[in-house]
Every structure is written in structure tokens, then in C-alpha cells.
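Right, one structure below, let's go through it.
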Amino acid sequence: MAGRAVMETGKDILAKVLGSSDLPTVPGLALRIIRMAQDPEVRVEEMAELIGHDPALAAKLLRTVNSAFYGLRRQVSTLSRAVTVLGTRGVSALAVGFSVAGILRTTTASSACDLAPVWELNVHSAVTARLLAERTRYPAPEEAFVAALLQDIGVLGLHRTLGAPYDCVYESVMDHEALERLERAALGTSHPEVGGAMAWHWSLPDVLVSAIACHHCPEAAPEAARPLVRIVHTARLIAGIVLASDARSVTLTAYESVRGCLGLDAKDLEQILRDVVDSTSELVSLFDVRPIPRDELESALASACDALTEFALSGDSA
């Protein structure tokens, strides 16, 4: 691995990823939806008609908007109504999310390298990011959902382009937070940098590019994108609580981000965790991720709440 790092710089590897014939592409329909959403004069009916050209995408959007996660009182039965409820930015974000999710899911299932934990973390992060967006009044919750869902596409790009040499780096760490540092030391680049370049290559909106490129370091993001990047960064840490074998061990890190990045407190984090427990199962199933059993979610919640109580008693939440 060291020899490869000497022979190839981070820029070389980045160019190799972007020039690879094996690099996944966003379907043309999703890109057309993105461009349409950027037109302030676009009509709901136009976007609904375009989405209708892909029955599978249309079905997923309707299933999503009718899920308990959205809590609508009435069933949404038409694409026009779905676009009205989600907004054009929300629909375009979800269209990209579902399109790329299929690529990620297929690669995860067929790879000898166990990429499933990354995909699982991203899906749970997406659920959490939308909840955080609503709580912090971020104006485009679905944008937060998709930014979190796609945050680790750089792992996919590096895996598909470099193969075994990258897999050795990926498999050598147990902690996802350490992966970015090890990638940079071994390769001269990292999955956030590669993922941001992939998103730019796909012509995704600038705010999504920044969220993917800076999700490990929100303060490095352009100022205009920083609110979204902070949400994505914090959502990943909160999702880690429900996925960790020891929820207490990661609760403090998540709490520090909740407080420092978003200005929320321990009570906010506890409520967000309760909302995650209540809403996660149905939505993650849309992305073919095995729902975490309710008793395991409740156990993680209890452990996190105990840890937050201890922080409060020790004065750490002041």
C-alpha cells in the first residue's frame, strides 16, 4: 500500500476515479428532474409528468410521501399532489437519492468487501438528517435527507476504481470516523473529497456537492452550505448511536456536535433519538436496509438517555 501511495498522488487517484468506466452515473431522468427543479417557473404538472416516465421512481416517491415518517392525514394518490407536498427541491433530491441508492445497494450486495455498514449508516443518517432539518427549520428537509444518504459515495468510487488496495484501507478500521484520516494518509485523498468530486461530475446542486465533500469537517464548507453540512455531520453521529454495540460510547460525541454545530441541547438530542426510534423502521425499508428490531432501538435509546443524564448531572450540558 505504501508503494502505491508513492507512485500515485491523491490527484492521480481522484482523476482515475472520475475517468473510470466503472464509475456509476446518475440516470438522465434524475438529472432532468434536478434541472427542472432549478427553474423557478416550473409547474407542478410538468414535474409530475416527467417523474411519471419512470414508474418505479414514481412508486417510490408515493410510498415515501405516504409513509408514517411524513405523518400526512390523507393519502397522497397522485404525483402532482406528491410534488406539491414535497416541493420541487424535495422531489428532485429524492429522485437523485433513489437513483444513486440503487447503485450503492447493488454494489454493496455484490462486493466481496463488506460495504453494508456504510450503506446502513447512510440510510439511518438520512432519516436522522431529515428530523434534524425540521427541528432546526432548515428550509429543504429532503435535501438534508439525500445529502446524508449520499455522503459516502466516495467509498463506492474508491472501491470500484482501486479495488483490493482500497479495500485493505477500508477494512483496516473499525471506526468510520477514523476512515477519512487513514485514507488520506495512505492515498493522499479521502472518500469525502472523492465523493464531492463525483457529485460535481454528476452535476448535482452545489449544496449537495459541499455536503458530501465536507461531511467530516463542516466548518470547511462554503458558508452558504454550512447549515446543511452541519446537519449531515451531526446526523451521522446520532445515527451511530442506534447502530453502535455500545450506545453510551458514542453519545457524548453526538451530543457535542448537536450542541456545537446546531445549538441544540441534551433534551433536543433525546427527543430526536425518540423520533428516530419511532420512524426509522418504515423508511429504511424503502432502501432495502434491514430494520433494527424495536427492542434493540429502545435499548440504545435508554443507554443514550442514561449517558445524557450523567452529562447533565456533571455539568457538561451547561
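- Between the side chain of Glu49 and the backbone N or O of Glu46, no donor-acceptor pair lies under 3.5 Å.
- A donor-acceptor pair is defined here as one N or O able to donate and one able to accept, closer than 3.5 Å; no such pair exists between the side chain of Ser303 and the backbone of Ala300.
- A donor-acceptor pair under 3.5 Å is formed between the side chain of His233 and the backbone N or O of His215.
- Between His216 and His191, the ring planes lie perpendicular to each other; the angle is over 60°, past the 30° to 60° tilted range.
- Figure legend: cation-pi geometry between Arg130 and Tyr70, with NZ or CZ positioned under 6.0 Å from the six-membered ring centre and within 45° of its axis.
- In this structure, CG on Leu50 lies 13.5 Å from CD on Glu45, to the nearest 0.5 angstrom.
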Going through the distances and angles, do Ser190 and Arg184 end up as a side chain to side chain donor-acceptor pair (under 3.5 Å)? CA-CA 5 Å; Ser190 64; Arg184 195 162 292 283; 2.9 Å; yes
Take Arg294 and Val277 through the side-chain contact (heavy atoms from CB on, under 4.5 Å) test and state the conclusion after the steps. CA-CA 8 Å; Arg294 180 77 186 199; Val277 168; 3.6 Å; yes
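- In terms of heavy-atom proximity, Val229 sits nearest to Ala211 at CG2-CA, 3.6 Å.
- The heavy-atom pair separating Ile272 from Leu131 by the smallest distance is O-CD1, 4.3 Å.
- Nearest heavy-atom pair, Ser257 versus Leu237, reported as atom, atom and distance to 0.1 Å: CB-CD1, 3.5 Å.
- Within the model, atoms CD1 of Ile13 and CG of Leu18 stand 12.0 Å from one another, a figure rounded to the nearest 0.5 Å.
- Proximity of Ile33 to Leu57: side-chain heavy atoms (C-beta onward) are separated by under 4.5 Å at one or more points.
- Side chain of Asn122 to main chain of Leu150: no donor-acceptor pair is present (N/O by atom type, distance under 3.5 Å, no hydrogens or angles).
- Glu183 and Tyr166 form a side-chain donor-acceptor contact under 3.5 Å, judged by distance and modelled atom types alone.
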